[in-house]
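Only heavy atoms go into these numbers, but all of them, side chains included; no hydrogens, no water, no symmetry mates. Each chain gets a letter, A, B and so on, in the order the sequences are listed, and its residues count up from 1.
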Number of protein chains: 2
Amino acid sequence: MKAVLFLALHTNDNQKWMVKDIYSRINVPQSYLAKILQELSKRDVISSSRGPKGGFYLSEANFDLPLIKIVDVIDGKQRLRSCMLSIKECDSDNPCALHDLVGNTNSEFIKRLEQTTILDLISDVKEGKSVLPL
Amino acid sequence: MKAVLFLALHTNDNQKWMVKDIYSRINVPQSYLAKILQELSKRDVISSSRGPKGGFYLSEANFDLPLIKIVDVIDGKQRLRSCMLSIKECDSDNPCALHDLVGNTNSEFIKRLEQTTILDLISDVKEGKSVLPL
DNA sequence: TCCTAAATCTGATTAATATCATATTTTAGG
DNA sequence: CCTAAAATATGATATTAATCAGATTTAGGA
């Protein structure tokens with residue numbers, strides 16, 4: 001998430017970012033960042049190009065992706081969506097003891113991740129409404 | 001959480017529960033359950049007595065504990081309460097890019113964990129409003 | 001008082017995740 | 001077409017969390 005937001009904030013038409021120039025700026029270990037970015041790239045959350053002048057960046061399409069996409073790619077779709085007591089048959093018809101307590105607030109959270117795009121977030125940052133890492 | 005809810009539902013004045021009689025009923029590995037219950041007991045979330053006729057159970061006081069206590073003991077207080085981007089200075093005055101998106105829904109979640117007691121949850125179960133494990 | 005059944009304590013093992021290292025592929029530029 | 005710079009792929013190591021095993025303490029009952 002930090003890496004994507006970093007790219008969102010610093011990508012421009014003629015600049016791509018290499019792992020070695022990002023990791024220290026967002027306090028993430030270099031090798032771990034590399035693996036994460038490669039995964040995100042493979043799953044089309046971010047973009048990349050190889051070779052000299054290459055690096056990671058966000059395409060127009062990437063900017064419009066909802067944040068949930070990042071979460072789903074990194075953590076898997078079930079992480080946010082499965083029963084907190086890991087009960088298989090848990091749903092609104094057959095709610096576990098925690099279903100309602102967790103459910104409302106959790107689905108609200110998911111909804112926000114679905115409705116908010118990367119672009120939305122960095123717009124806030126650029127308008128000074130929020131701040132980013134380091 | 002599953003174990004505590006199990007105890008809440010099955011504790012009565014003259015019955016205590018041993019690890020070996022619980023673990024298979026809630027689908028949790030025996031050794032792991034033992035360690036968890038011991039930790040919960042040490043931190044006064046649940047009660048226990050040693051020796052023959054001993055076991056784990058909930059005292060009156062335990063029943064009135066808010067769910068947040070379980071989470072805090074097992075996961076540590078920071079787990080639910082620290083910045084999602086792990087930014088040290090992140091707060092409402094200096095919000096990170098995700099602060100508002102996460103914050104509202106997260107503090108609502110925490111509030112519910114603080115306001116709901118173990119007793120509340122199992123009352124629902126006993127009234128048939130929700131179901132429990134297996 | 002002794003035996004046994006239980007939790008407790010401690011350290012070891014296993015599994016999962018994070019991190020590292022390095023060889024391979026791709027591509028811009030000479 | 002060659003070279004160097006970048007991502008990519010793959011496997012190894014390190015760290016953390018989950019699980020196991022066994023020795024120790026406590027308490028009930030004969």
Is any NZ, NE, NH1 or NH2 atom of the basic residue among A:R112 and A:E108 found under 4.0 Å from an Asp or Glu carboxylate oxygen of the other?
yes

Q: Answer yes when A:K69 and A:D64 have at least one side-chain N-carboxylate O distance shorter than 4.0 Å, and no when they do not.
A: no

d(A:I118 CD1, A:S123 OG) to nearest 0.5 Å is 11.5 Å

Quick one: [X] [atom1] to [N] [atom2], roughly how many Å, whole number?
X     : N      : atom1 : atom2 : value
B:L40 : C:dA7  : CG    : P     : 14 Å
B:L7  : C:dA7  : CG    : C1'   : 13 Å
B:L37 : C:dC9  : CG    : P     : 13 Å
B:E39 : C:dT10 : CD    : C1'   : 14 Å
B:M18 : C:dT4  : CE    : C1'   : 13 Å

B:I26 and B:K2 have their tightest heavy-atom pair at O-NZ, 2.9 Å

Minimal heavy-atom distance between A:I70 and A:V45, with the atoms involved, is CG1-CG1, 3.8 Å

Under a 3.5 Å distance rule, please check whether A:S41 uses its side chain to pair with a backbone N or O of A:L37 as donor and acceptor. no

*Verdict with reasoning, A:D124 to A:S130, per side chain to side chain donor-acceptor pair (under 3.5 Å)*: CA-CA 6 Å; A:D124 284 352; A:S130 58; 5.1 Å; no

message = Between B:K20 and C:dA5, is there a contact of a side-chain N or O with OP1 or OP2 at under 4.0 Å?
response = no

Q) Distance check: side-chain N/O of A:S49 vs OP1/OP2 of C:dT27, anything under 4.0 Å? A) no

Enclosure of A:Q15 CD (heavy-atom neighbours >12, cutoff 6.0 Å)
yes

What nitrogen or oxygen pairs link the protein and nucleotides 14-24 of chain C at under 3.5 Å?
| unit_1 | atom_1 | unit_2 | atom_2 | d |
| --- | --- | --- | --- | --- |
| C:dT19 | O4 | A:K35 | NZ | 3.1 |

Considering only heavy side-chain atoms of B:P52, the closest of C:dG29, C:dT8, C:dT4 is C:dT4

Side chains of B:D75 and B:L80: closer than 4.5 Å at any heavy-atom pair? no

Bounded by its outermost nucleotides with an atom under 4.0 Å from a heavy atom of chain B, the footprint on DNA chain D reads D:dA18 to D:dG28

